[in-house]
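All heavy atoms count here, side chains included; hydrogens, waters and symmetry mates do not.
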Amino acid sequence: MTEERLRVVLAEDSVVLRDGMAELLAVRGCEVVAAVATAEEVVAAVAAHRPQVAVVDVRMPPTHTDEGIRAALRIREGHPGVGVLVFSQHLEASWAARLLAGGAAGVGYLLKERVARTSEFVDSLRRVAAGGTALDPEVVGHLMRARRRGAVDALTPREREVLALMAEGRSNRAVAERLSVSERAVEKHVAAVFAKFGLLASPADNRRVLAVLAYLSETG
C-alpha cells in the first residue's frame with residue numbers, strides 16, 4: 001500500500017536550505033504545498049493551504065530573533081489541527097515551554113545539527129502530523145531542568161532516561177531497545193514516573209507521552 005503524501009508548509013529564510021529541504025521531502029513522499037521565507041508568510045500559507053504539518057525556524061526575518069517561534073505559536077492557536085515542527089539551530093527553552101503549554105499533541109522541536117538522516121526527519125514530521133511528538137533530547141533536558149524540582153528530583157537515573165526517551169515520542173518497545181532492557185522493565189519505570197508525577201497511566205503510549213510533556217511544560 002502506498003503511503004499517503006504528507007502535506008507540508010516549509011518556512012526557512014535561507015533559499016538554499018529551503019529549496020534543498022523541499023527537494024528532499026518530495027523524494028521522501030511529502031508534498032511541500034508552500035515554501036516561504038518569513039514568519040508572516042508561513043502563517044498566511046498555513047491558513048491558505050491547511051497542511052498537515054508546518055516546519056518553522058526559530059529566527060526569521062526581519063530581526064532574526066524570535067519571529068519564527070512566535071509564528072509557530074500563532075499557528076498552534078489559530079489552526080490546532082495542524083502539526084508544528086520547529087526545526088532550528090537554536091534552542092529557546094522558554095519558547096519551547098510556551099509551545100508545549102497548550103498540550104503537546106502535534107508538536108516537535110528538533111535541532112538541525114542533531115538530525116542525522118532525512119528519513120528520521122520525515123518520520124518525525126509524520127509523527128507530529130498524526131498528533132504525536134518529536135522533541136530533541138536537549139529540548140527535553142531543558143524542560144526537565146526548568147520544571148519544579150521536587151518531582152523530577154524524585155526520579156531515579158533510569159526513570160529519567162525512560163522519561164526523556166518517551167518525550168522524544170518513542171514507544172515502550174523502542175525505549176527498551178535503546179536501553180537494552182526488557183519491555184516489561186520499561187513498563188515498570190513508566191508506571192513509577194507517573195506515580196511520582198501524580199499522573200494516571202493510560203493504555204495508549206501516545207497519551208502517556210503527551211501527559212508527561214504537558215506536565216514538564218508547566219514551568220515556575
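Taken together through direct or relayed side-chain contacts under 4.5 Å among Ile, Leu, Val, Met, Phe, Trp and Tyr, Val42 and Val8 form parts of separate hydrophobic clusters. Note: the hydrophobic cluster containing Ile75 does not contain Val53 (ILVMFWY, side chain heavy atoms under 4.5 Å, direct or indirect links). By the rule that hydrophobic residues join a cluster once side-chain heavy atoms approach within less than 4.5 Å of another member, Val55 and Val115 end up as members of one cluster. Transitive grouping of hydrophobic side chains (ILVMFWY, heavy atoms separated by less than 4.5 Å) brings Val82 and Met60 into a common cluster. No single ILVMFWY cluster, assembled from side-chain heavy atoms under 4.5 Å apart, contains both Val33 and Leu25.
Take Arg18 and apply the side-chain hydrogen bond (donor to acceptor under 3.5 Å, both in side chains) test, not counting sequence neighbours, and it matches no residue. Taking the side-chain contact (heavy atoms from CB on, under 4.5 Å) definition, one finds that Leu73 meets it with Trp95, Arg98, Leu99, sequence neighbours left out. Not counting sequence neighbours, the partners of Glu159 by the salt bridge (charged side-chain N to carboxylate O under 4.0 Å, His left out) test are Lys196. Among residues two or more places apart in sequence or in another chain, the side-chain contact (heavy atoms from CB on, under 4.5 Å) test is passed with Ala47 by His79. Contacts of Ala44 classified as side-chain contact (heavy atoms from CB on, under 4.5 Å), with partners at least two apart in sequence or in another chain: none. Glu31 meets the salt bridge (charged side-chain N to carboxylate O under 4.0 Å, His left out) test with no other residue; sequence neighbours excluded. In this structure Glu120 satisfies the salt bridge (charged side-chain N to carboxylate O under 4.0 Å, His left out) test together with Arg117, sequence neighbours excluded. For Gln52, the side-chain contact (heavy atoms from CB on, under 4.5 Å) partners are Glu4, Leu6, Arg7, Ala129, not counting sequence neighbours. Contacts of Asp13 classified as salt bridge (charged side-chain N to carboxylate O under 4.0 Å, His left out), with partners at least two apart in sequence or in another chain: none.
Side-chain atoms of Leu24 and Phe121, non-hydrogen and from C-beta on, never get closer than 4.5 Å to each other. Under the 4.5 Å side-chain criterion, counting only non-hydrogen atoms from C-beta, Arg158 is in contact with Leu179. With contacts defined as side-chain heavy-atom distances shorter than 4.5 Å, the pair Val107/Val84 does not qualify.
Note that CG of Asn172 and NE2 of His189 are 11.0 Å apart. Values are rounded to the nearest 0.5 Å. Interatomic distance, Leu85 CG to Arg126 CZ, rounded to the nearest 0.5 Å: 13.5 Å. Put simply, OH on Tyr109 and CD1 on Ile69 are 5.0 Å apart, with the number rounded to the nearest 0.5 Å.
Across Ala134 and Leu110, no two heavy atoms sit closer than the pair O-CD2, 3.7 Å. The minimum heavy-atom distance linking Arg5 with Ala26 is given by the pair NH2-O, 4.1 Å. The two residues Met21 and Leu10 come nearest to each other via the heavy atoms CE-CD1, 3.5 Å. Among all heavy-atom pairs drawn from Glu67 and His64, the shortest one is OE1-N, 3.4 Å. Closest of all the heavy-atom pairs between Glu113 and Ser88 is OE1-O, 4.4 Å. Of all non-hydrogen atoms in Pro61 and Ala37, the two that sit nearest each other are CD-O, 3.4 Å.
Of the listed residues (Val58, Val86, Leu111), just one forms a side chain to side chain contact (heavy atoms under 4.5 Å, CB included) with Leu91, and that residue is Leu111.
Salt bridge status for Arg184 with Glu187: present, with a side-chain N to carboxylate O gap under 4.0 Å.
Residue Val15 shares its hydrophobic cluster (ILVMFWY side chains chained together at separations under 4.5 Å) with Val16.
Every pair tested for ring-ring contact (aromatic ring centres under 6.0 Å, His included) that includes a residue from residues 8-41 fails, sequence neighbours excluded, so the list is empty. Sequence neighbours left out, the pairs with a member in residues 39-57 that pass salt bridge (Lys or Arg N to Asp or Glu O under 4.0 Å) are Glu40-Arg74, Asp57-Lys112.
Side chain of Arg59 to main chain of Asp66: no donor-acceptor pair is present (N/O by atom type, distance under 3.5 Å, no hydrogens or angles).
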